[in-house]
Amino acid sequence: MGMWNILDVSLNRGEKKQLYYSPNGLETHKVPITLICGAKEGKTLGLIAGTHSGEYPAIPATSQFAKNINPQEVTGQIVIIHCLNSRGFWEKSMDAVPDDNMNLNSSFPGNKKGTPGEKIIDFVATKIFPELDFLLDMHSGSKVEKLVPCLFYCSIAEDAVVEATKKAALALNYKYLIIGTSNRSLFGYAALSGVPNLLVERGCFGECKQSDIQAYIKDIIQLMKHLGMISGECEDTITGEFYTNTTYLSSDVNGVWFPKVEAGQQIKKGEILGCVEDIFGNPIKEFYAEYDSVVFYLYCDLPIDKGTFLVAYGSKN
Ligand SMILES: [Zn+2]
């Protein structure tokens with residue numbers, strides 16, 4: 001059976017290798033990667049954690065998974081990027097690449113001769129995406145966000161890609177399956193490149209709970225079963241529902257933000273989402289839901305300014 005060649009590395013069947021990779025020769029960014037070459041040839045799965053460096057549970061989840069998975073039991077190949085924004089992680093950046101403040105989830109396809117962030121994005125787009133049959137991009141709420149576990153799927157790719165994506169979404173243990181249409185996001189550009197994929201979200205607030213780490217490991221195993229990469233039946237999961245109508249509310253005022261809803265809360269049209277006051281406690285503005293919906297995630301830091309994201313909510317249609 002054939003060797004697997006990827007990222008200038010060759011692996012025999014049943015082999016696991018770990019390395020640091022400098023995207024486009026970027027010596028200041030050493031991305032930790034595990035490559036798993038299953039005993040039998042098959043689909044190639046990509047797992048990416050740390051696209052946003054302060055979103056923690058997926059980072060140890062991918063490490064534990066990589067340590068414990070036996071390549072002899074795997075059909076296919078797995079590329080695991082344990083922390084894409086590795087420099088951001090070590091420098092405690094909440095999300096962006098420290099060198100250029102770039103969000104690795106919003107500037108695809110990048111540029112191999114560009115800034116460090118653009119070089120990392122180009123590496124993902126040109127060296128990783130072409131290898132993959134499926135991708136899981138694993139996020140969390142940021143250090144100033146609360147969220148309910150949810151996932152995003154891209155709806156603007158070819159029908160076959162969207163269909164494979166939606167089937168996988170239903171196989172995983174998420175209730176809220178949220179439509180995404182951004183073509184410059186990692187998951188959007190992957191889908192437009194022909195790679196079915198999901199952006200998943202568990203945990204928030206800069207925490208790294210064991211329950212979220214273990215839930216992420218279960219997601220990976222469940223996805224591998226769904227893709228036929230490991231033996232065993234898919235476990236029964238909570239029934240996912242597609243949310244095709246979404247609102248991302250941002251502030252149009254400066255002030256002190258007091259959210260009035262929780263992540264996962266059902267809200268009615270006209271219900272208050274939160275209010276902004278001045279530093280003396282005088283009201284500046286209140287924000288209300290535009291329709292009956294569910295709150296997916298929300299901003300929880302006090303100081304905000306114009307353009308600060310406040311609340312994401314949506315409905316099934
Ligand atoms: Zn994120």
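Computed from a predicted structure; not experimentally measured. First listed ligand is number 1; within each ligand, the first listed atom is number 1.
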Using the test ring-ring contact (aromatic ring centres under 6.0 Å, His included), find all partners of Tyr313 that sit at least two apart in sequence or belong to another chain.
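For Tyr313, the residues satisfying ring-ring contact (aromatic ring centres under 6.0 Å, His included) (neighbours in sequence not counted) are Tyr291.
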Parallel, tilted or perpendicular: rings of His139 and His52 (30°, 60°):
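If you compare the ring of His52 with that of His139, the planes turn out perpendicular.
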Using the ring of each side chain (for Trp, its six-membered ring), is Tyr248 parallel, tilted or perpendicular to Phe309, with breaks at 30° and 60°?
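Tyr248 vs Phe309 ring planes: tilted.
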When you check the gap from the basic side-chain N to the acidic O, do Asp219 and Arg202 get nearer than 4.0 Å?
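Salt bridge present between Asp219 and Arg202.
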Is it true that the NZ or CZ of Lys146 lies under 6.0 Å from the centre of Phe205's six-membered ring and within 45 degrees of the ring axis?
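That pair qualifies as a cation-pi contact.
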Looking at Tyr21, is Lys30 sitting on its ring face, NZ or CZ under 6.0 Å from the six-membered ring centre and within 45 degrees of the normal?
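Because its charged atom misses either the 6.0 Å distance or the 45° angle limit, Lys30 does not stack over Tyr21.
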What protein N, O or S atoms come within a distance below 2.8 Å of the Zn ion (ligand 1), ordered by chain and number?
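As for protein N, O or S atoms lying under 2.8 Å from the Zn ion (ligand 1), they are His52 ND1, Glu55 OE1, Glu55 OE2, His139 ND1.
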